[in-house]
Undergrad: 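Can you keep this structure in mind? I'll have questions shortly.
Values below: every heavy atom of this structure, side chains too, minus hydrogens, waters and symmetry copies. Order of the sequence lines sets the chain letters (A, B, ...), proteins ahead of strands, with each chain counted from 1. A quick note: this is a predicted structure, and the numbers were derived from the prediction, not measured.
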Amino acid sequence: MEKGFAYRSGNNVFFSVRKFPDYGKLSGRSLDHMLEGVRIDVNEEKEDPLDFALWKESKPGEPFWKSPWGNGRPGWHIECSVMSMEYLGTNFEIHGGGKDLVFPHHENEIAQSEAASGEPFAKYWLHNGLIRINREKMSKSLGNFFTLSEATKRWSPEAIRLFFLSHHYQNPADFSEKNMYDSEASLERIYLTLLRASETQKAKGRDAKLESSIRKFEEDFHSSMSDNFNTADVVGNLFDLIRSINRSLDSVGRTQSATLALKKIKEICGVLGVLHQEPAEYMKQRKSTANLSNIDPFEIEKLIDERNSARKEKNWKKADEIRDYLNSKGIVLEDRQDGTDWKANIT
RNA sequence: GGCGGCGUAGCCAAGAGGUAAGGCAACGGUCUGCAAAACCGUCAUACCCCGGUUCGAAUCCGGGCGCCGCCUCCA
């Protein structure tokens with residue numbers, strides 16, 4: 001109010017958008033354009049219909065705080081300006097939020113903050129696209145609404161993160177059973193490779209090809225992230241590196257380069273908040289959280305032993321019967337040189 | 001109705017006037033007793049549609065269509 005950006009009207013305080021020349025700079029709107037489409041009932045107390053409240057008088061029965069303008073509460077954009085200035089200062093690097101908040105919330109936040117401080121508010125604004133479910137928007141009225149905690153019961157939290165990372169944050173992200181299945185499968189493929197690479201106690205020598213792939217991954221990470229946080233690109237590059245690791249493991253064997261790859265992936269993907277688990281831990285967890293209907297791990301191990309005996313006798317019929325049976329229970333077997341392992345199907 | 005944004009293969013996604021990156025999936029092959037995993041290979045005469053500019057357009061211009069967000073209060 002002292003600077004003339006705001007005025008008192010009754011027991012309210014409003015921000016005068018006309019006094020702030022940059023108003024509309026974030027959402028790309030001009031005041032005159034906005035007025036054309038305005039269909040709000042003009043609030044008698046406002047000097048201009050586009051002005052917004054900084055302080056509102058409380059209605060009877062509402063919570064309130066005491067103020068020079070009477071009992072009331074802060075306008076609805078105030079809390080964000082106050083919190084960010086308290087903890088980040090009058091100007092800071094990045095402000096995020098959903099696309100739905102661009103106007104008016106963020107626009108008003110900028111106006112009131114910059115008017116008060118005289119400094120630029122946030123340097124960058126990241127507005128994420130909204131979530132869709134099976135190509136429909138997620139909304140309560142459509143009944144396809146669910147919370148994050150419900151989602152984490154259905155899918156692994158890490159797969160959900162990977163799902164979002166494989167999209168550009170600005171675009172809508174389309175949740176679906178198929179897409180989440182793919183995400184879970186991708187995660188497993190990655191961890192399977194990391195597991196191979198982590199079994200490098202006796203790692204010997206190095207693989208120049210793999211090391212150049214590692215360097216490329218790291219360089220690409222920086223350029224992708226510098227390009228408006230293109231995490232989808234990073235995920236693609238990660239799969240390239242995963243292939244390189246497998247190729248190296250297949251042809252050269254266990255090297256210190258594989259150990260290095262593991263370290264780099266952990267470091268870089270740690271920035272993105274994924275792949276923080278030990279590969280062996282991940283596999284163990286997949287088994288323990290798998291939805292094993294009508295079968296327990298003990299029985300699985302028993303059947304695997306039985307099948308391996310049959311295989312030794314070249315009793316392929318019996319061996320295949322056991323495998324088919326386990327398959328019907330959602331168990332997939334993997335025969336390796338050092339024995340047979342199992343994993344649960346992704347459901 | 002107004003304003004802002006988006007539309008590239010089943011999915012994610014690069015490209016921003018010079019003849020469609022990459023990843024996932026799918027399919028074929030190698031390996032395997034057979035599988036699984038892994039590896040190798042294939043996979044858009046085509047970029048929502050219709051016009052126009054240009055030697056040349058996914059990229060520029062005009063007009064449509066579709067989708068998303070916001071435009072009352074609350075956060």
Side-chain angles (χ1 to χ4, degrees), chain A residues 24 26-43 49-50 52-53 56 59 62 73-80 97-107 127-132 135-139 162-168 170-174 176 178-183 185-190 192-193 195-196 220 223-224 227-228 230-251 307 310-317 319-320 322-324 326-327 331-337 340-343 345:
Chain A
L26 179 71
S27 53
R29 299 163 193 235
S30 78
L31 287 166
D32 297 321
H33 270 141
M34 278 188 271
L35 265 179
E36 284 174 25
V38 117
R39 60 180 193 205
I40 49 178
D41 299 328
V42 177
N43 185 332
L50 295 169
F52 58 91
K56 280 188 102 168
K59 292 174 188 146
E62 282 182 350
R73 57 189 170 76
W76 57 282
H77 316 292
I78 288 288
E79 66 180 84
C80 296
K99 267 184 155 59
D100 53 340
L101 296 176
V102 175
F103 184 88
H105 186 233
H106 293 329
E107 197 68 70
H127 287 109
N128 57 277
L130 273 30
I131 296 173
R132 292 155 62 85
R135 301 188 172 189
E136 279 186 321
K137 64 175 172 180
M138 175 158 134
S139 76
L162 188 65
F163 167 78
F164 282 115
L165 288 172
S166 64
H167 291 69
H168 192 96
Q170 282 181 326
N171 293 342
D174 188 27
S176 68
K178 167 81 167 69
N179 288 344
M180 287 312 299
Y181 174 91
D182 286 350
S183 191
S186 295
L187 195 62
E188 182 174 280
R189 170 172 157 78
I190 295 166
L192 237 30
T193 298
L195 183 67
R196 290 185 73 194
D220 288 347
S223 60
S224 296
D227 182 16
N228 194 11
N230 192 345
T231 56
D233 209 31
V234 175
V235 174
N237 293 147
L238 174 63
F239 278 106
D240 283 336
L241 179 58
I242 291 295
R243 179 174 298 111
S244 295
I245 295 171
N246 279 317
R247 202 180 298 159
S248 171
L249 255 23
D250 284 349
S251 58
R307 174 169 169 272
R311 288 173 72 212
K312 259 177 208 154
E313 296 157 16
K314 295 199 190 299
N315 186 349
W316 308 127
K317 187 166 173 289
D320 288 348
I322 294 174
R323 190 178 57 203
D324 290 346
L326 285 170
N327 231 303
I331 304 300
V332 181
L333 299 186
E334 288 187 20
D335 295 328
R336 300 211 195 88
Q337 287 187 325
T340 301
D341 197 8
W342 65 272
K343 63 182 186 186
N345 259 148

Undergrad: Does N230(A) place a side-chain N or O at less than 4.0 Å from the phosphate oxygens OP1/OP2 of rA14(B)?
TA: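 Yes, such a contact exists.
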Undergrad: How is D233(A) classified with respect to the nucleic acid when contacts are heavy atoms under 4.0 Å: base, sugar-phosphate, or nothing?
TA: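 Base contact - D233(A) has a heavy atom under 4.0 Å of at least one base atom.
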Undergrad: With rounding to whole Å, what would you report as the distance between rC49(B) and rC65(B) at their C1' atoms?
TA: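 Roughly 7 Å separates the two C1' atoms.
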Undergrad: Under 4.0 Å between a side-chain N or O of K137(A) and OP1 or OP2 of rG69(B)?
TA: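 Yes, because at least one side-chain N or O of K137(A) sits under 4.0 Å from OP1 or OP2 of rG69(B).
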Undergrad: Provide, to the nearest angstrom, the distance between the NE2 atom belonging to H106(A) and the P atom belonging to rC71(B).
TA: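 Atom NE2 in H106(A) sits about 13 Å away from atom P in rC71(B).
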Undergrad: With a 4.0 Å cut-off on heavy atoms, is V102(A) in touch with a base, just the backbone sugar-phosphate, or nothing at all?
TA: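 Nothing, no heavy atom under 4.0 Å.
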Undergrad: Roughly how far apart, to the nearest Å, are rG28(B) and rG64(B) at atom P?
TA: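 47 Å, rounded to whole Å.
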Undergrad: Suppose we define a pair by two distances each less than 3.5 Å, Watson-Crick or G-U wobble; what does rC43(B) pair with here?
TA: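 Pairing partner, where one exists within any strand: none, as none qualifies.
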Undergrad: Any base atoms under 4.0 Å from H127(A), or only sugar-phosphate, or nothing? Heavy atoms, all strands.
TA: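 The answer is nothing, as H127(A) stays clear of every strand by at least 4.0 Å.
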Undergrad: What is the base-pairing partner of rC24(B), counting Watson-Crick and G-U wobble geometry with both distances under 3.5 Å?
TA: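 With both distances under 3.5 Å, rC24(B) matches rG10(B).
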Undergrad: Look through every strand shown and name the nucleotide pairing with rC73(B) as Watson-Crick or G-U wobble, where both distances are under 3.5 Å.
TA: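 Per the H-bond distance test, none.
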Undergrad: For the side chain of K343(A), starting at C-beta, report the closest nucleotide among rA37(B), rA75(B), rA21(B).
TA: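 Closest nucleotide to the K343(A) side chain: rA37(B).
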Undergrad: Is the H105(A) ring parallel, tilted or perpendicular to the W76(A) ring (thresholds 30°, 60°)?
TA: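 Geometry flag for W76(A) against H105(A): parallel rings.
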Undergrad: Roughly how many Å apart are rA20(B) and rA44(B), using the P atom of each and rounding to a whole number?
TA: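 Comparing P positions in rA44(B) and rA20(B) gives a spacing of 11 Å.
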Undergrad: Could you tell me the separation between the CG atom of L195(A) and the C1' atom of rA38(B), rounded to a whole number of Å?
TA: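 In whole Å, rA38(B) C1' and L195(A) CG are 13 Å from each other.
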Undergrad: Across all strands, who's sitting opposite rG51(B) as a Watson-Crick or G-U wobble pair, both distances under 3.5 Å?
TA: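 Paired with rG51(B), as far as the under-3.5 Å criterion goes, is rC61(B).
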Undergrad: Grab the CG-P distance between D227(A) and rG22(B) for me, whole Å please.
TA: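 It is 18 Å, rounded to the nearest whole Å.
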Undergrad: Go through the structure and list residues passing side-chain hydrogen bond (donor to acceptor under 3.5 Å, both in side chains) with N179(A), not counting sequence neighbours.
TA: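 For N179(A), the residues satisfying side-chain hydrogen bond (donor to acceptor under 3.5 Å, both in side chains) (neighbours in sequence not counted) are S176(A).
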Undergrad: Of all residues at least two apart in sequence or in a different chain, which pass the side-chain hydrogen bond (donor to acceptor under 3.5 Å, both in side chains) check with K137(A)?
TA: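 Not a single residue meets the side-chain hydrogen bond (donor to acceptor under 3.5 Å, both in side chains) criterion with K137(A).
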Undergrad: For E136(A) and T193(A), find the nucleotide of RNA chain B closest to each by heavy atoms; which residue's nucleotide sits nearer the 5' end?
TA: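 Its nearest nucleotide being more 5', the pick is T193(A).
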Undergrad: Can you tell me if K56(A) touches the phosphate of rC73(B), counting only side-chain N or O atoms and a distance under 4.0 Å to OP1 or OP2?
TA: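 Checking K56(A) against rC73(B): no side-chain N or O falls below 4.0 Å of OP1 or OP2.
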Undergrad: If rG4(B) has a Watson-Crick or G-U wobble mate with both distances under 3.5 Å, name it; if not, just say none.
TA: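 Across all strands, the one nucleotide that pairs with rG4(B) is rC68(B).
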Undergrad: Would you mind classifying the nucleic acid contact of Q170(A) as base, sugar-phosphate or nothing, using non-hydrogen atoms under 4.0 angstrom?
TA: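 Touches nothing.
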Undergrad: Searching all strands shown, indicate the nucleotide that pairs with rC34(B) (Watson-Crick or G-U wobble; both distances under 3.5 Å).
TA: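 Across all strands, not a single nucleotide pairs with rC34(B).
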Undergrad: For H167(A), what residues pass the ring pair (Phe, Tyr, Trp, His ring centres under 6.0 Å) criterion, not counting sequence neighbours?
TA: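 Partners of H167(A) by the ring pair (Phe, Tyr, Trp, His ring centres under 6.0 Å) criterion, ordered by chain and then number, come out as F163(A).
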Undergrad: What pairs with F239(A) under ring pair (Phe, Tyr, Trp, His ring centres under 6.0 Å), at least two apart in sequence or on another chain?
TA: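 Applying ring pair (Phe, Tyr, Trp, His ring centres under 6.0 Å) to F239(A) gives none.
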Undergrad: Nearest 0.5 Å, what's the CZ-CD1 distance between R247(A) and I242(A)?
TA: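 If we round to the nearest 0.5 Å, R247(A):CZ and I242(A):CD1 are 12.0 Å apart.
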Undergrad: What integer number of Å spans the C1' atoms of rC48(B) and rU8(B)?
TA: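 These two C1' atoms come out 10 Å apart once rounded.
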Undergrad: Just jot down the side-chain hydrogen bond (donor to acceptor under 3.5 Å, both in side chains) partners of T231(A), sequence neighbours excluded, or say none.
TA: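 Scan of T231(A) (side-chain hydrogen bond (donor to acceptor under 3.5 Å, both in side chains), adjacent residues dropped) gives none.
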Undergrad: Does F164(A) have any ring pair (Phe, Tyr, Trp, His ring centres under 6.0 Å) partners at least two apart in sequence or in another chain, and if so, which?
TA: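 F175(A).
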Undergrad: What does nucleotides 23-35 of chain B look like as a protein-contact string, B for base, S for sugar-phosphate only, - for none, at under 4.0 angstrom between heavy atoms?
TA: SS--------BBB
Undergrad: Which residues pass the salt bridge (charged side-chain N to carboxylate O under 4.0 Å, His left out) test with R189(A), sequence neighbours left out?
TA: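 For R189(A) there are no salt bridge (charged side-chain N to carboxylate O under 4.0 Å, His left out) partners, ignoring immediate neighbours.
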Undergrad: Provide the distance between the two P atoms, one in rC47(B) and one in rG5(B), to the nearest whole Å.
TA: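 That atom pair is separated by 24 Å.
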Undergrad: Could you give the CD1-to-P distance, from I131(A) to rG69(B), as a whole number of Å?
TA: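 From I131(A) CD1 to rG69(B) P: 12 Å.
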Undergrad: About how many Å separate CG of N228(A) and CG of D233(A), when rounded to the nearest 0.5 Å?
TA: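 Here the interatomic distance stands at 12.0 Å.
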Undergrad: Could you give the distance separating rA9(B) and rA21(B) at their C1' atoms, to the nearest angstrom?
TA: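 After rounding to an integer number of Å, I get 14 Å for this pair.
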Undergrad: Find the distance L101(A):CG to rC68(B):C1' and express it as a whole number of Å.
TA: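 Value for this atom pair: 15 Å.
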Undergrad: By nearest heavy atom, map I242(A) and R132(A) onto RNA chain B; which one lands nearer the 5' end?
TA: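 The residue mapped nearer the 5' terminus is I242(A).
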Undergrad: What's the gap between rG23(B) and rG66(B) when it is taken at their C1' atoms, as a whole Å value?
TA: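 Their C1' atoms lie roughly 27 Å apart.
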Undergrad: In whole angstrom, what separates E62(A)'s CD from rC74(B)'s C1'?
TA: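 Between C1' of rC74(B) and CD of E62(A): 10 Å.
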Undergrad: Please list, pair by pair, any protein nitrogen or oxygen found under 3.5 Å from a nitrogen or oxygen in nucleotides 7-9 of chain B.
TA:
none

Undergrad: Could you give the CG-to-P distance, from L26(A) to rG5(B), as a whole number of Å?
TA: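 About 12 Å, once rounded to whole Å.
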Undergrad: In whole angstroms, how far is the P atom of rC74(B) from the CH2 atom of W76(A)?
TA: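 Interatomic distance, CH2 of W76(A) to P of rC74(B): 8 Å.
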Undergrad: To the nearest 0.5 Å, what is the distance between CG (L101(A)) and SG (C80(A))?
TA: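 It is 8.5 Å, given to the nearest 0.5 Å.
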Undergrad: Please confirm whether the shortest side-chain N or O distance from N179(A) to OP1 or OP2 of rC11(B) is below 4.0 Å.
TA: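 So the side chain of N179(A) is outside the cut-off, no N or O lying under 4.0 Å from OP1 or OP2 of rC11(B).
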Undergrad: With rounding to the closest Å, how many angstrom separate the P atoms on rG17(B) and rC61(B)?
TA: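 Per the computed distance, 11 Å lies between those P atoms.
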Undergrad: Going by purine N1 to pyrimidine N3 plus the second Watson-Crick contact, or the G-U wobble pair, all under 3.5 Å, which nucleotide sits opposite rA16(B)?
TA: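 Partner of rA16(B): none found under 3.5 Å.
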Undergrad: First locate atom CG of D320(A), then atom CG of N327(A), and finally report the distance between them rounded to the nearest 0.5 Å.
TA: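 Answer rounded to 0.5 Å: 10.5 Å.
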